[in-house]
Amino acid sequence: MKNSPSLDDQLEMYRKMVLVRQLEESLGELHKQGKTRGPIHRCDGQEAVGVGATAMLSSDDYVTSTHRGHAHYVGKGLDIHKIVAEILGRETGYCKGRAGHMIVASAEHGLLGGNAIVGACIPAAVGMAQSLKLLKSDRVAMCVFGDGSAQTGICHESMNIAALWKLPVIFVLEHNEYGLTVHSDEQSAIKDLYKRAEAYGMPGKKVDGNDMLAVYESVATSVDRARRGEGPSLIEAKTYRRAGFSTSDMGGYQSEEKIALWEKKDPITIAVKKLKKLVEPTTLRDIEELAIQHVKDAVDQALADPYPTFEPHAASNPYRGVVL
Amino acid sequence: MKNSPSLDDQLEMYRKMVLVRQLEESLGELHKQGKTRGPIHRCDGQEAVGVGATAMLSSDDYVTSTHRGHAHYVGKGLDIHKIVAEILGRETGYCKGRAGHMIVASAEHGLLGGNAIVGACIPAAVGMAQSLKLLKSDRVAMCVFGDGSAQTGICHESMNIAALWKLPVIFVLEHNEYGLTVHSDEQSAIKDLYKRAEAYGMPGKKVDGNDMLAVYESVATSVDRARRGEGPSLIEAKTYRRAGFSTSDMGGYQSEEKIALWEKKDPITIAVKKLKKLVEPTTLRDIEELAIQHVKDAVDQALADPYPTFEPHAASNPYRGVVL
Amino acid sequence: MTMQRYAEALNSALREEMARDDTVWLFGEDVSTYGGVFKVSKGLRDEFGPERVLDTPISEQTLTAMAVTAAMTGTRPVLEIMYADFMPLTLDALVNQASIYEYIWADQVQMPFVLRTQGGGGAGAGAQHSKSLDVLVAHVPGIKVVAPATPADAKGLLKAAIRDPHPVVFLEHKLLYNSRDEVPDGDHLCEIGKARTAREGSDVSIFATSKMVHDALKAATELEADGISAEVIDLRTLRPLDNTAIVQSVKKTNHAVVVNEGWRFCGFGAELSATIMEQAFDDLDAPVERLGTFDMPIPYSEPLETSVLPDAEKIAAAARRALR
Amino acid sequence: MTMQRYAEALNSALREEMARDDTVWLFGEDVSTYGGVFKVSKGLRDEFGPERVLDTPISEQTLTAMAVTAAMTGTRPVLEIMYADFMPLTLDALVNQASIYEYIWADQVQMPFVLRTQGGGGAGAGAQHSKSLDVLVAHVPGIKVVAPATPADAKGLLKAAIRDPHPVVFLEHKLLYNSRDEVPDGDHLCEIGKARTAREGSDVSIFATSKMVHDALKAATELEADGISAEVIDLRTLRPLDNTAIVQSVKKTNHAVVVNEGWRFCGFGAELSATIMEQAFDDLDAPVERLGTFDMPIPYSEPLETSVLPDAEKIAAAARRALR
Ligand SMILES: Cc1ncc(C[n+]2csc(CCOP(=O)(O)OP(=O)(O)O)c2C)c(N)n1
Ligand SMILES: Cc1ncc(C[n+]2csc(CCOP(=O)(O)OP(=O)(O)O)c2C)c(N)n1
Ligand SMILES: [Mg+2]
Ligand SMILES: [Mg+2]
């Protein structure tokens with residue numbers, strides 16, 4: 001079926017979800033051991049959005065992301081070791097340790113990049129899409145952003161401009177019910193944010209964000225549309241943030257029942273159930289084991305990597321002619 | 001009928017529309033004579049929106065306005081002489097000549113105030129409404145803003161918050177088809193902006209902006225709703241900007257036919273046609289003549305008024321301890 | 001006197017002022033249910049109710065604009081902006097709205113609101129969550145800017161800020177929230193606009209704000225070992241600046257170091273340096289030494305971040321240069 | 001050499017660069033059909049087509065964010081922000097986005113975009129349309145800031161800005177657009193970061209930017225009558241600052257006046273003043289005199305506006321004070 005991933009693609013998506021899950025758990029562990037600096041924004045339980053939404057893109061399509069971007073990074077093909085090294089502030093990270101856990105970028109993968117200003121990744125994708133349109137390219141730009149970000153002014157301005165200029169943008173709204181500690185019901189009077197697409201004259205749709213295939217199919221249709229020059233779409237992927245806002249979140253405001261409910265709808269569990277109908281269990285187990293080992297090795301390597309040393313940076317106008 | 005103005009109210013609205021029309025023409029004249037400073041944003045042909053939308057308010061309800069606020073000022077009961085004096089930079093103006101043509105305010109009338117930052121009057125009204133809610137008052141806050149302003153980020157943020165918190169705000173969108181020189185079709189892919197109300201979970205409606213009664217009735221219903229604590233509404237009043245963006249507009253981008261078409265739909269003509277069924281023609285003529293004379297006198301007086309002299313202003317932190 | 005953490009002192013200030021004046025209310029992201037990500041508003045929702053302590057959508061621009069107009073219409077809002085890095089989003093409301101109205105509207109309104117935020121580096125929060133940006137608001141007339149360094153001042157200044165009839169931007173520091181010190185009991189208020197001598201000395205004056213006061217004190221201890229007597233002046237208020245205290249100290253020491261955690265170029269240190277030179281030129285035996293964060297983005301990785309931020313060591317070196 | 005108005009010189013620069021490099025494109029409010037409210041982009045839509053010259057919705061925040069990412073993905077955007085007063089709306093994209101990426105992403109991207117705007121008072125445009133606000137951007141590392149005073153520099157610097165691989169904020173002045181002067185023929189480029197001696201002198205150095213250069217020249221003529229020989233240095237670039245030229249001039253004259261049209265407190269003049277003191281302390285016979293707009297909102301009424309802005313008379317008085 002058009003816009004359905006092949007079996008190989010599905011297995012690769014499954015592999016990436018396992019990588020992300022393992023990455024999140026390892027980072028949580030490292031945080032507990034005091035080996036990370038600053039908070040880590042885990043996306044356990046939301047892997048299907050980032051992985052499913054990026055699987056049909058090629059490396060020269062652009063993706064812009066948020067503070068919670070690990071699944072988007074891995075979905076877009078970034079190397080786990082270089083991600084972890086960046087998060088740990090090492091010279092070997094994607095940005096030589098300068099960016100850190102929230103702003104990782106890899107130009108060669110078109111991932112530009114994580115963004116810790118809520119909402120900022122939305123106009124970022126629109127600007128890229130405008131460049132692509134001018135260059136008469138059929139590439140696309142995607143932003144993946146949260147339900148909290150959807151309330152920012154730039155979200156409105158961006159959707160309005162993208163729809164008006166029919167830019168090749170895909171707006172992927174990762175609705176995990178929380179903006180930091182505040183439930184989405186206290187951030188907007190409406191529950192289904194995809195309905196806002198109509199206010200800009202673009203298609204909007206809702207999808208089960210814990211089902212990687214559903215995400216893939218929905219997004220792929222919008223990507224095709226964008227490549228054909230027919231303009232942007234808004235896809236709202238419904239999921240849930242199980243892990244707390246970040247590793248510095250003291251919790252207490254999310255209900256245990258709700259978390260348990262969503263654990264039952266775990267995206268990896270759902271994927272496994274479907275894939276088991278198509279491949280031998282050992283295939284999945286092998287993928288899983290390799291992925292887990294891959295993350296373990298990456299983390300070990302990153303922990304052994306050197307820290308960068310400071311050098312002034314000409315383009316950023318460091319101190320000049322001044323004794324330091 | 002509930003929310004229909006009495007005959008006296010209608011005559012008063014008619015009088016105010018004539019005042020505004022005469023004001024706009026006088027200001028245009030003064031500009032030609034080189035007696036104004038900076039551009040003047042005329043609202044000829046849009047009088048029914050500002051006057052109709054404010055006629056049911058009392059002086060302790062708040063109104064926030066734009067760079068094109070003359071009808072809102074007059075609708076809210078401001079004195080013509082003090083408006084003109086402000087526009088001419090005189091000591092006798094509402095703000096002692098400090099504010100000028102775009103930022104006129106009168107606290108005693110609840111008009112706070114004109115605002116030359118596009119869109120800024122929208123959150124301004126929301127902030128006031130939040131104060132009113134905290135004070136457990138049944139007063140309301142209204143913002144009147146343009147179709148251009150509706151594309152700003154703060155418009156989105158403001159509507160979202162107002163609807164979420166059920167604030168007593170009335171959003172009056174004065175759609176005159178232009179944002180400066182750019183037609184609304186090139187500012188948004190959708191024509192009817194009132195439809196965006198749904199994206200925030202509040203009522204939205206469209207009204208003929210050149211029919212003062214229609215504006216009054218539609219807005220009055222929303223004002224009642226807000227007073228009852230049921231939250232905000234968005235009313236889109238469709239009108240047309242006949243006079244160019246401002247007196248410094250060199251024109252050339254609005255079609256003559258369109259202007260002619262809208263001249264036929266002149267709000268004063270429409271009001272007169274309806275009022276003629278209710279009162280003697282002489283009543284209307286008397287009102288008109290008095291209003292015209294009123295503006296003439298106000299302008300003459302303002303032209304004779306003194307300019308202010310400069311004094312530092314403590315609250316604004318002027319130069320201190322520095323030789324000027 | 002009671003020992004309190006800086007965050008607790010702020011919390012007491014909010015509690016006391018909310019109890020004293022029921023027009024005081026708090027709003028901001030995560031301030032209500034969670035009590036603020038730095039716990040400054042902890043417990044206040046329970047005590048004063050959700051009407052007076054509001055979690056908000058992520059809409060800094062509108063929230064700030066709302067504070068301005070809520071303040072001019074009868075209530076006293078205290079807005080929390082989670083990171084000083086987001087102050088650009090608040091700046092239109094400060095520069096084009098709050099700054100102008102008292103003067104431009106000829107004192108028809110006053111705006112008693114407080115915008116609390118926290119800035120500064122050293123926590124591994126990366127380039128988008130570590131900046132100071134204090135000069136961006138200090139440049140704006142009509143806005144007072146305070147930056148307490150101690151729990152006692154945090155409490156006294158916040159209480160004074162809430163009672164001030166004019167807008168106050170209140171700058172906290174993420175690395176100070178856990179610092180503990182004595183706080184006077186009772187209704188402790190500090191006058192806005194008055195510096196504090198944190199340490200007396202006779203050879204060189206070090207002028208600092210916020211966390212830099214502590215680094216300056218460490219530097220002074222270090223210098224003492226070399227027989228250099230450094231005076232440390234905690235400016236406490238950036239605007240209006242306490243020129244009298246500055247000149248007095250320089251007259252005594254004839255040497256000055258200014259240290260501010262913002263970027264150096266066009267930073268707050270430039271104003272300090274220029275002011276000292278203008279007002280105490282003949283008393284200066286050497287050029288004023290100026291320190292700030294290096295003029296480049298603040299990197300994440302610890303060795304890099306440490307390199308670009310001012311600290312005790314750099315301050316001591318600057319003092320030695322001044323005395324050379 | 002050809003006589004051109006400043007606006008025409010800018011127009012030629014845009015035309016030449018668009019013809020030379022078809023990745024250059026323009027966008028902003030009213031820049032396309034109307035050719036810009038100050039007519040800087042007049043005729044360019046006809047010449048280069050509406051794909052490369054775009055009118056936009058009123059969405060400064062998003063437009064700036066788009067410029068940043070469009071620039072990192074293969075095109076060279078030139079964005080017009082109609083008034084410098086709206087720069088607060090652009091500041092998140094500058095401070096939190098454009099400023100950081102080249103360094104933080106370890107030179108994986110470059111951002112060749114230009115943000116053109118115009119500021120300044122003297123036109124009766126009121127408190128929201130007369131400000132300079134140049135220091136708000138000059139404070140930001142990684143962003144070059146230029147402010148031409150003459151048609152020749154306007155052209156040469158704009159062409160250089162468009163070719164620059166880094167972000168450039170290009171500050172024009174509303175009262176200069178009609179000024180005429182000679183502009184070199186051919187592919188005229190000015191180096192960003194180099195000051196220009198607008199007039200040689202030996203008694204006092206006056207450092208200025210933009211329109212203030214002309215006021216300084218008038219002051220110099222006035223001073224000449226008193227036998228005072230004033231040197232006028234047009235800095236042309238605010239960041240990076242031409243320290244060499246500054247020090248050279250002060251070494252010659254031993255007296256300095258700095259004049260910038262922004263507010264004085266924490267304004268650009270503070271940086272100039274501090275820099276001179278730091279780099280030429282022993283050459284200074286008197287404190288640097290610093291002029292800016294009075295630290296208060298810019299009033300509308302002519303006598304008030306004139307009082308608060310720096311002008312030739314105030315500059316001459318400052319020079320006399322410096323020499324006293
Ligand atoms: C402009 C801005 N405001 C506030 C914050 C603080 N903050 C970081 S993440 C976050 C919540 C974002 O919610 P959402 O967009 O739903 O993303 P999620 O964390 O759920 O993935 C907030 C308020 C920020 N980083 N930037
Ligand atoms: C933030 C901001 N951007 C741009 C402008 C310049 N400007 C003034 S009015 C205007 C058009 C506004 O259109 P609309 O809201 O429809 O009001 P109208 O003039 O039609 O009444 C523009 C772009 C401004 N004043 N403020
Ligand atoms: Mg969320
Ligand atoms: Mg309009």
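Numbers restart at 1 for each chain; the letters A, B, ... are given by sequence-line order, proteins then strands. These figures come from a predicted structure and were not determined experimentally. Side-chain atoms are counted along with the backbone in the values below, which use heavy atoms only and exclude waters and symmetry mates.
Below 4.5 Å, heavy atoms of chain B meet heavy atoms from C/T73, C/G74, C/T75, all part of residues 73-90 of chain C. The stretch residues 151-161 of chain B places B/I154, B/E157, B/S158, B/N160, B/I161 near chain C, each with some heavy atom under 4.5 Å from a heavy atom of that chain.
For a residue to count as touching a neighbouring chain, one of its non-hydrogen atoms must lie under 4.5 Å from one of that chain's; by this rule B/L134 touches chain C with the side chain only. Residue C/V68: no heavy atom, backbone or side chain, is found under 4.5 Å from chain B. For C/Q97, the part sitting under 4.5 Å from any heavy atom of chain B is the side chain, from C-beta outward, and nothing else. Residue C/D92 touches chain B through its side chain alone, counting heavy-atom pairs closer than 4.5 Å. Neither the backbone nor the side chain of C/T64 comes within less than 4.5 Å of any heavy atom of chain B. Using a 4.5 Å cut-off between heavy atoms, C/W105 contacts chain B through both its backbone and its side chain. The contact between B/L112 and chain C is made by backbone and side chain atoms together, counting heavy-atom distances below 4.5 Å.
A search for salt bridge (Lys or Arg N to Asp or Glu O under 4.0 Å) contacts involving B/K76 returns nothing, not counting sequence neighbours. Here B/H175 pairs with nothing under the ring pair (Phe, Tyr, Trp, His ring centres under 6.0 Å) rule; sequence neighbours left out.
The candidate with the highest count of non-hydrogen atom pairs below 4.5 Å against chain C, out of B/A116, B/A125, B/A107, is B/A107. Note on C/I58, C/D107, C/D22: by heavy-atom pairs under 4.5 Å with chain B, the leading option is C/D107. Your options are B/S137, B/A141, B/P123, and the one with the most heavy-atom pairs under 4.5 Å with chain C is B/P123. Counting heavy-atom pairs under 4.5 Å between each of C/L54, C/L63, C/T56, C/I143 and chain B puts C/L54 at the top. Of the listed residues (C/Q61, C/M72, C/R52), the one with the most heavy-atom contacts under 4.5 Å to chain B is C/Q61. Between chain C and the options B/S106, B/A129, B/G93, B/A120, heavy-atom pairs under 4.5 Å are most frequent for B/S106.
Between C/Q108 atom CD and B/K96 atom NZ the span is 9.5 Å, to the nearest 0.5 Å. Put simply, CH2 on C/W25 and OG on B/S131 are 6.5 Å apart, with the number rounded to the nearest 0.5 Å. Note that CG of C/N96 and CG of B/N115 are 8.5 Å apart. Values are rounded to the nearest 0.5 Å. In this structure, B/R98 CZ and C/I100 CD1 are separated by 12.5 Å, a value rounded to the nearest 0.5 Å.
Of all the heavy atoms in C/T69 and B/A124, the pair that sits closest is OG1-O, 2.7 Å. Contact between B/W165 and C/D55 at its shortest, heavy atoms only, is CZ2-O, 3.4 Å. Of all the heavy atoms in B/Q130 and C/M66, the pair that sits closest is CB-CE, 4.1 Å.
The local environment of CD in B/E198 is sparse, with at most 12 non-hydrogen atoms from other residues, nucleotides or ligands closer than 6.0 Å. Crowding of B/K166 atom NZ: a count of heavy atoms from other residues, nucleotides or ligands under 6.0 Å not exceeding 12. Atom CD of B/E91 is surrounded by more than 12 heavy atoms from other residues, nucleotides or ligands within 6.0 Å.
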